[in-house]
Amino acid sequence: MRSVALVGVIYALLALPDVLAVKSNDFKTCSQSGFCRRGRALSARAKEAQSSWKSPYSVDPSSISIASQEATVTAAVKSSLYPDIKFGLELRIHDDGVVRVRLDEIDGLRKRYDEAASWALVAEPRISSSVSWTAGKKDLRAVYGEKKDIEVVVTYEPLRVTLLRNGKEQIVLNGRGLLHMEHFRAQTPAVEVPVDETGEPQEVLQVENVRAWFEGDEEDAWWEEKFSSWTDSKPKGPESLSLDITFPNHGTVYGIPQHATNLSLPSTTGDSPSYTDPFRLYNADVFEYLASSPMSLYGSIPVMHAHSAHSTVGVFNAVGSETWIDISYPSNKATETHWISESGIMDVFLLPGPTPEEVFAQYARLTGTTALPPHWSLGYHQCRWNYVSSDDVRTVQKRFDEEDMPVDVFWLDIEYAEDHKYFIWDHKTFPDPVEMTNDVAAIGRKMVVIVDPHLKRASNYPVYQEASEMGILVKPKSGEGEYEGWCWSGSSSWIDHFNPASWDWWISKFKTSQLETGFSWLESSEDIHIWNDMNEPSIFNGPEITMPKDSIHYGGWEHRDLHNINGMLFHSNTAQAVSGRSDIPKRPFVLTRSFYAGSQRISAMWTGDNLGTWDHMAVGIKMVLANGIAGMTFAGFGIFSPFFRAHAHIDTKRREPFLLDEPYKSIIRDTLRLRYSMLPIWYTAFKESSVTGMPILRPHYVMFPKDTAGFAIDDQFFVGSSGILVKPVTEKEKKEATVYLPEDQVYYDYFTHHRKHITVAAELHQVPVFIRGGSILPTRERPRRASPLMKLDPFTLRVALSKTGTARGELYLDDGITYSHQQGELVWREFVAEQPQKKITRISSKDLASAKPESAVDGGELTTYDPKNAFAKEIEEVRVEKIVVLGLNVKPSSVKWEYVPGVAASDKKEGTSSVH
Ligand SMILES: *[C@@H]1O[C@H](CO)[C@@H](O)[C@H](O)[C@H]1NC(C)=O
């Protein structure tokens, strides 16, 4: 919310002075974090010991228990360092070939946090009943896959888990022997190590030497840790988890958002690493972050893709605590990673691929896809900290209309709320919030209003009072009372969304009708949707600007165990509340800053408090791409990203698009209109993503997995499977761009329709947008004030013929508001161009929903589909008014329209045609 975010609505615009604003000292480096230090020291010792290093963990073969009729196996694991400590290993092979590997301490002094996966998973995965494990003398094996080409091997001594395909190692756990689950122990007084006459420590017990060889001889930050002025009390002692994951045949890795870095992840260890610190996952409010850094940002998704020209595989390491990840590339064919987490069990999902599509599908089956958002949320969002009054909102709306600039949503930041008590309007400035919203909604527009998680501890704030009385606030380390911290609202407390008692209560706060008891948001409307900011949570006087790790949540868990999941529970309960306000449930729009695996099911995210610099524009694209790798695809900030909003800091001059000087004003008007004309393409891409889990912005390796030259490309991308290729302009005074064209195919300029080459003009007003030969793009070309007003507008089809004279494309439409599409209230069509005979190009349209009911909607198969459903009837007058054919070698001598009976009304002969 303090975002300086999007300066302009295109990727290229007036940059602010390049001030370095992040206070790096507010955030830990690995060397300032006890468990990260221990994890890195472990890998350093392993490196030094070279081949004599051996993991102390082993499977006890006599303990192996193989489930009958399903692909589950359990076994006892021991560490030779601590022979009395018991560990339990479990492996399950899911129906779709994903392997889940869990390791936990058994009968330990305490219990490790084991709920991260249950928050992330959309449902309990089905265990395969057609695969079985076989226990041998040295290892356990399971072979499966349609071609029996996948094999999982659990080696007993040392413990190692390997996923192979066609005999080739894909993913190896503990191959480097860095697995270490620090067991719970009682705090013992420090033992003085005897020293000899020279002052050197004397040799103690042999086992101590073995431990020191592995764990180090110091108890480094086991029971307490200081950072700056804070002390983390660590009552449970050391409980970190170190795990190496190696991809012996994959030389590129992607994912683990959120970091401001290259899509192809730079190295953090090994010879001359790009960064000296590991990538960190610890949700944090990093104001004006660095444009290239492995530092943590607002959200964390522990998902990584490993890629080569031969295959793509993935891992989802379901951990909710702070995690650091070292990456090194021992050769250009292999990747080594080392994951160091502060607490929690080991719960790793191995996604066998072998294509990017299959990895996305496998991850989507685990954690869900991006729900189809309300259609209007793909329009332009105008935000600022802050629109200061109801009349300010009305004036801004009027100015957009006067300047013929389309916009769908006006946003209110924290200053709408009296004393930052969210839900409570400041009536001095917003005397008539419902009327104001109605004025916005009269043109089909919406409002988004911020609700942050910090509750002002005030006796006149009913939301806080109720939460306090119900005892559903996060507790301080004593476990008694309410944790108190400082945020926008001054002295504040935070709802513990891990407490089930908070769920229905929170949902009820958004009701627009009177409740029997308690506060509900009477001064609201169904046209108000919600922005959840500051949900890492951001706490101004907390360590690293967040909640102390020893704060206590429901079930007695420490904040450290679930920190990275915290923000997701807040925005997902908010999304349920927004959807549940009306009798007919409507799709909610909730924007969240913090996120975790699974957040994609309910919310959109943006790239946080960036700066209006060219560097930030450039890295923002990479960040949106990386988010998509980890499923969080409704992300962004600019016209060519799935989410399109401009925002500004309270200290900035007003800079709504209509205030800009020429030529910028006209450039932005054109850009806004371009976005609106392309909404059918975006919405169709969202529909596909909601079914398949494929990202909306697609990097090259996803489109062309075998093209090694494209693996590191992250400054251009494709939009869904539409065939649109975009190369945003992210350098000042750029006149030209070099676009990487990955294939022997014709690419056309979106605007001029000319065949394109790799170097194109790319000034501010000419963002290079290409159409891949072989694509058909549906657009709506009539400028409107807001997207709902386009509902009955006709379509234009751009038919971009491939080298062989063919093309195809899709168009998906539904009411854009409710869930009626899940009952088949939709239109989903395919357009095909082919050349059945020399000199004839035939373009036809076909009903895809009838042909592929299993892929027509998110959330399950359509059981029946009636092409004459109520929604289709509602839009039956909608026409294709224009067809533009690109790539015809000669001017056609005649154009013939043909109506095939039984095909929906929208294909009836009508309209004009033009040929390029
Ligand atoms: C990111 O990629 C660019 C282009 O390949 C490269 O020049 C740069 O060094 C990379 N950054 C890091 C931190 O490795």
Side-chain angles (χ1 to χ4, degrees), residues 11-12 18 20 22 24 27 29-31 36 40 247 250-281 286 288-297 304-309 324-338 607-608 610-611 613-630 697-705 707-718 725-732 734 736-742 758-759 762 768:
Y11 285 109
D18 196 351
L20 205 66
V22 65
S24 300
F27 302 96
T29 58
C30 177
S31 63
C36 187
R40 269 199 156 179
F247 307 99
H250 298 86
T252 314
V253 288
Y254 308 99
I256 56 166
Q258 186 186 29
H259 300 100
T261 192
N262 288 351
L263 180 67
S264 157
L265 292 165
S267 60
T268 62
T269 53
D271 298 334
S272 52
S274 297
Y275 297 124
T276 51
D277 249 27
F279 286 97
R280 188 185 191 201
L281 294 176
V286 187
E288 298 180 351
Y289 49 83
L290 300 172
S292 171
S293 166
M295 273 174 79
S296 255
L297 291 174
M304 184 181 268
H305 281 197
H307 183 72
S308 76
W324 299 77
I325 304 154
D326 261 325
I327 296 175
S328 68
Y329 299 99
S331 74
N332 62 5
K333 292 212 168 61
T335 309
E336 295 180 343
T337 67
H338 181 202
T607 47
N610 58 358
L611 281 161
T613 63
W614 295 99
D615 278 355
H616 275 259
M617 295 284 165
V619 82
I621 296 159
K622 302 168 205 280
M623 290 166 74
V624 173
L625 290 174
N627 268 321
I629 300 315
L697 294 199
R698 295 193 188 159
H700 272 259
Y701 86 91
V702 173
M703 296 289 292
F704 304 97
D707 177 24
T708 48
F711 289 180
I713 289 182
D714 56 9
D715 58 355
Q716 56 180 69
F717 51 81
F718 289 84
L725 169 64
V726 185
K727 165 106 186 186
V729 182
T730 57
E731 277 172 67
K732 197 178 176 181
K734 189 95 176 158
E736 262 184 7
T738 303
V739 182
Y740 176 74
L741 295 182
I758 52 170
T759 302

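In what follows, every heavy atom counts, from backbone to side chain, and hydrogens, waters and symmetry copies are set aside. Numbering of ligands and ligand atoms starts at 1, following listing order.
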Exercise. Got Met703 and Pro742 here, is their nearest side-chain heavy-atom distance under 4.5 Å?
Worked result: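 Met703 does not reach Pro742 side chain to side chain.
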
Check ligand 1 for close polar pairs with the protein: N or O on both sides, less than 3.5 Å.
residue  : atom   : partner : partner atom : Å
ligand 1 : 2 (O)  : Asn262  : ND2          : 2.3
ligand 1 : 11 (N) : Asn262  : ND2          : 3.0
ligand 1 : 14 (O) : Ser274  : OG           : 3.1

For this session: Would you please name every residue forming a side-chain contact (heavy atoms from CB on, under 4.5 Å) with Thr738, sequence neighbours left out?
Result: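 Testing Thr738 for side-chain contact (heavy atoms from CB on, under 4.5 Å), a comparison that skips the adjacent residues, returns Thr759.
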
For this session: Quick one: list whatever passes side chain to side chain donor-acceptor pair (under 3.5 Å) with Thr261, sequence neighbours left out.
Result: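 By the side chain to side chain donor-acceptor pair (under 3.5 Å) rule, Thr261 matches Tyr275.
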
For this session: For His259, check side chain to side chain donor-acceptor pair (under 3.5 Å) against everything at least two apart and list the hits.
Result: none

Exercise. Under 30°, 30 to 60°, or over 60°: which ring-plane class applies to His307 and Phe711, parallel, tilted or perpendicular?
Worked result: perpendicular

Exercise. Strictly by modelled atom types, are Gln716 and His700 linked by a side-chain donor-acceptor pair under 3.5 Å?
Worked result: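 The criterion, which ignores hydrogens and geometry beyond distance, is satisfied for His700 and Gln716.
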
